[in-house]
Undergrad: 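Quick one: the structure is below, questions incoming.
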Amino acid sequence: MRVSGNTSGTPGGDSGSDVLVIGGGIIGLVTAWRAAQRGLTVTVADPDPGGGAAQVAAGMLAAVTELHYGEEMLLGLNLASAARYPDFVAELEEASGRETGFRTCGTLAVAMDSDDRAHLRELHALQERSGLESVWLSGRECRRLEPMLAPGVRGGLRVDGDHQVDPRRLAAALLAACERAGVVFRRAAAERLAVSGGRAAGAVLGDGAEAGADQVVLAAGSLSGRLAGVPEEVVPPVRPVKGQVLRLTV
């Protein structure tokens with residue numbers, strides 16, 4: 001989320017950067033890296049850049065499997081992004097010298113009971129109406145692909161076009177790429193958006209310092225709606241959502 005900009009810097013603070021990114025997660029780091037590549041001076045404010053949700057996310061790049069009703073416009077963006085992801089990963093790995101764990105192994109969504117099966121059948125119908133490629137499998141076919149599945153699996157969807165990335169490796173690669181590109185990290189949380197003349201001018205950080213900037217990008221994930229000083233009419237309606245991830249080591 002781009003909050004706004006100001007060319008005068010933060011009152012009482014430093015002279016500022018061209019861009020201040022509030023939040024050092026995946027989106028914040030990508031934004032900082034791209035801005036630095038274009039010759040801008042960039043500062044990222046985050047007490048633990050590369051941490052947060054990136055350390056616990058599953059890394060699913062599942063534009064097809066995670067399709068929901070009423071999200072046709074979002075689907076177009078997701079598909080376009082998925083098509084560009086391999087080139088993005090290749091560029092990032094070259095720039096950082098690190099691997100991201102990108103895998104093109106596809107997604108297998110399985111039904112454990114009749115309710116799951118009905119839901120996946122509806123999803124499959126929606127995918128077909130949207131012109132997407134997915135294949136319905138019987139329980140036996142699912143177990144043939146993944147022998148460790150329970151015998152009671154009732155069926156599932158195979159989506160070869162959905163991919164995966166390791167978010168922990170991705171974050172580490174982005175940190176390295178940002179550092180090589182000259183991004184400055186202020187390891188403190190943004191406590192309040194600094195405003196001057198009705199426009200964003202930077203942020204007041206948790207250590208008491210002020211970071212000024214011509215442009216401010218709010219990329220604090222689920223915490224973005226809690227930053228003090230953001231005008232009420234543009235506060236993003238985001239909140240944290242709990243999920244579960246099971247990691248298996250072979």
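Bear in mind the structure is a predicted one, so any value in this text is a computation, not a measurement.
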Undergrad: Can you tell me if D162 uses its side chain to pair, donor with acceptor, with the backbone of T107 under 3.5 Å?
TA: no

Undergrad: To the nearest 0.5 Å, how far apart are CG in L20 and CG in L205?
TA: 7.5 Å

Undergrad: Show the nearest heavy-atom pair for residues A150 and R143, with the distance to one decimal.
TA: O-CD, 3.6 Å

Undergrad: Give, for atom NE2 of H124 and atom NE2 of H119, the distance between the pair rounded to the nearest 0.5 Å.
TA: 13.0 Å

Undergrad: Decide yes or no for E179 and F185: does some side-chain heavy atom of the first lie under 4.5 Å from some side-chain heavy atom of the second?
TA: yes

Undergrad: I'd like to know if L223 and V230 are part of one continuous hydrophobic network [Ile/Leu/Val/Met/Phe/Trp/Tyr, side-chain heavy atoms within less than 4.5 Å].
TA: no

Undergrad: Is a side-chain N or O of D18 found less than 3.5 angstrom from the main chain of T41, in a donor-acceptor match?
TA: yes

Undergrad: With side-chain contact (heavy atoms from CB on, under 4.5 Å) as the criterion, how do L61 and V165 come out once you've worked through the C-alpha distance, each side chain's angles and the decisive distance to 0.1 Å?
TA: CA-CA 7 Å; L61 306 173; V165 72; 4.1 Å; yes

Undergrad: Check D46 against G25 and note the closest heavy-atom contact, atom names and distance.
TA: OD2-N, 4.4 Å

Undergrad: Apply side-chain contact (heavy atoms from CB on, under 4.5 Å) to the pair V42 and T31, showing each step before the final yes or no.
TA: CA-CA 9 Å; V42 184; T31 301; over 6 Å; no

Undergrad: Heavy-atom distance under 4.5 Å between the side chains of W33 and V183, does that happen here?
TA: no

Undergrad: Under 6.0 Å between the ring centres of Y85 and H163?
TA: no

Undergrad: Distance check, rounded to the nearest 0.5 Å: E72 atom CD versus L67 atom CG?
TA: 7.0 Å

Undergrad: Determine whether L29 and C178 make a side-chain contact, defined as any pair of heavy atoms from C-beta on separated by less than 4.5 Å.
TA: yes

Undergrad: Please find the pair of heavy atoms, one from G50 and one from A171, that lie closest to each other, and give the distance.
TA: O-CB, 3.7 Å

Undergrad: Just to verify, which of T100, V30, D87 counts as forming a side chain to side chain contact (heavy atoms under 4.5 Å, CB included) with L92?
TA: T100

Undergrad: Assess the residue pair Q127 and E122 against the criterion (side-chain hydrogen bond (donor to acceptor under 3.5 Å, both in side chains)); give the C-alpha distance rounded to whole Å, side-chain angles, the decisive distance to 0.1 Å, and a yes or no.
TA: CA-CA 9 Å; Q127 291 168 341; E122 291 180 2; over 6 Å; no

Undergrad: Minimum heavy-atom separation for S224 to V238, with atom names?
TA: CB-CG2, 4.2 Å

Undergrad: To the nearest 0.5 Å, what is the distance between CG (L175) and CG (L170)?
TA: 10.0 Å

Undergrad: Are any non-hydrogen side-chain atoms of V216 and L193 less than 4.5 angstrom apart?
TA: yes

Undergrad: Compare all side-chain heavy atoms of E146 with those of L108 and state whether any distance is below 4.5 angstrom.
TA: yes

Undergrad: Is the count of non-hydrogen atoms from other residues, nucleotides or ligands lying under 6.0 Å from E232 atom CD greater than 12?
TA: no

Undergrad: Once rounded to the nearest 0.5 Å, what's the spacing between atom CZ of R121 and atom CZ of R154?
TA: 11.5 Å

Undergrad: Indicate the atoms forming the closest heavy-atom contact of S196 with A201, along with that distance.
TA: CB-CB, 4.0 Å

Undergrad: Supply the atom-to-atom distance R187 CZ to D48 CG, rounded to the nearest 0.5 angstrom.
TA: 7.5 Å

Undergrad: Is there a path from V110 to L123 through hydrophobic residues (I, L, V, M, F, W, Y) whose side chains come within less than 4.5 Å of each other?
TA: no

Undergrad: Backbone N or O of R34 within a donor-acceptor pair of the R38 side chain at under 3.5 Å?
TA: yes

Undergrad: Does a side-chain heavy-atom distance below 4.5 Å link I22 with L227?
TA: yes

Undergrad: Hey, is CZ on R192 packed in by over 12 heavy atoms from elsewhere, all under 6.0 Å?
TA: no

Undergrad: Thinking salt bridges, do R158 and D160 make one under a 4.0 Å N-O criterion?
TA: yes

Undergrad: Quick check: are there more than 12 heavy atoms from other residues, nucleotides or ligands sitting under 6.0 Å from CD of Q55?
TA: yes

Undergrad: In the single-linkage hydrophobic clustering (I, L, V, M, F, W, Y; side-chain heavy atoms under 4.5 Å), do Y69 and V64 co-cluster?
TA: yes

Undergrad: State yes or no: do L174 and L40 share one hydrophobic cluster built from I, L, V, M, F, W and Y residues joined by side-chain heavy-atom distances below 4.5 Å, directly or via other members?
TA: yes

Undergrad: Would the number of heavy atoms belonging to other residues, nucleotides or ligands and lying under 6.0 Å from CD of E71 be above 12?
TA: yes

Undergrad: Hey, does L77 have a side-chain heavy atom less than 4.5 Å from the side chain of L75?
TA: no

Undergrad: Does CZ belonging to R129 count more than 12 external heavy atoms closer than 6.0 Å?
TA: yes

Undergrad: Check the pair S17 / T43 against side-chain hydrogen bond (donor to acceptor under 3.5 Å, both in side chains), numbers first and verdict last.
TA: CA-CA 6 Å; S17 306; T43 299; 2.6 Å; yes

Undergrad: Are side-chain heavy atoms of L137 and L145 found at a separation under 4.5 Å?
TA: yes

Undergrad: Do L79 and M73 sit in the same hydrophobic cluster, where Ile, Leu, Val, Met, Phe, Trp and Tyr count as joined when their side-chain heavy atoms come under 4.5 Å apart?
TA: no

Undergrad: Between Q37 and E91, is the side-chain contact (heavy atoms from CB on, under 4.5 Å) condition met? List the steps.
TA: CA-CA 12 Å; Q37 283 181 314; E91 181 186 357; 3.2 Å; yes

Undergrad: Please report the C-alpha distance between R98 and E93 in whole Å, then the side-chain angles of each, then the deciding distance to 0.1 Å, and finally whether the side-chain contact (heavy atoms from CB on, under 4.5 Å) criterion is met.
TA: CA-CA 5 Å; R98 292 173 175 263; E93 291 183 343; over 6 Å; no

Undergrad: Minimum heavy-atom separation for S134 and V159, please, with both atom names.
TA: CB-CG2, 3.8 Å

Undergrad: Return yes if some donor-acceptor pair links the side-chain N/O of R180 with the main-chain N/O of A95 below 3.5 Å, else return no.
TA: yes

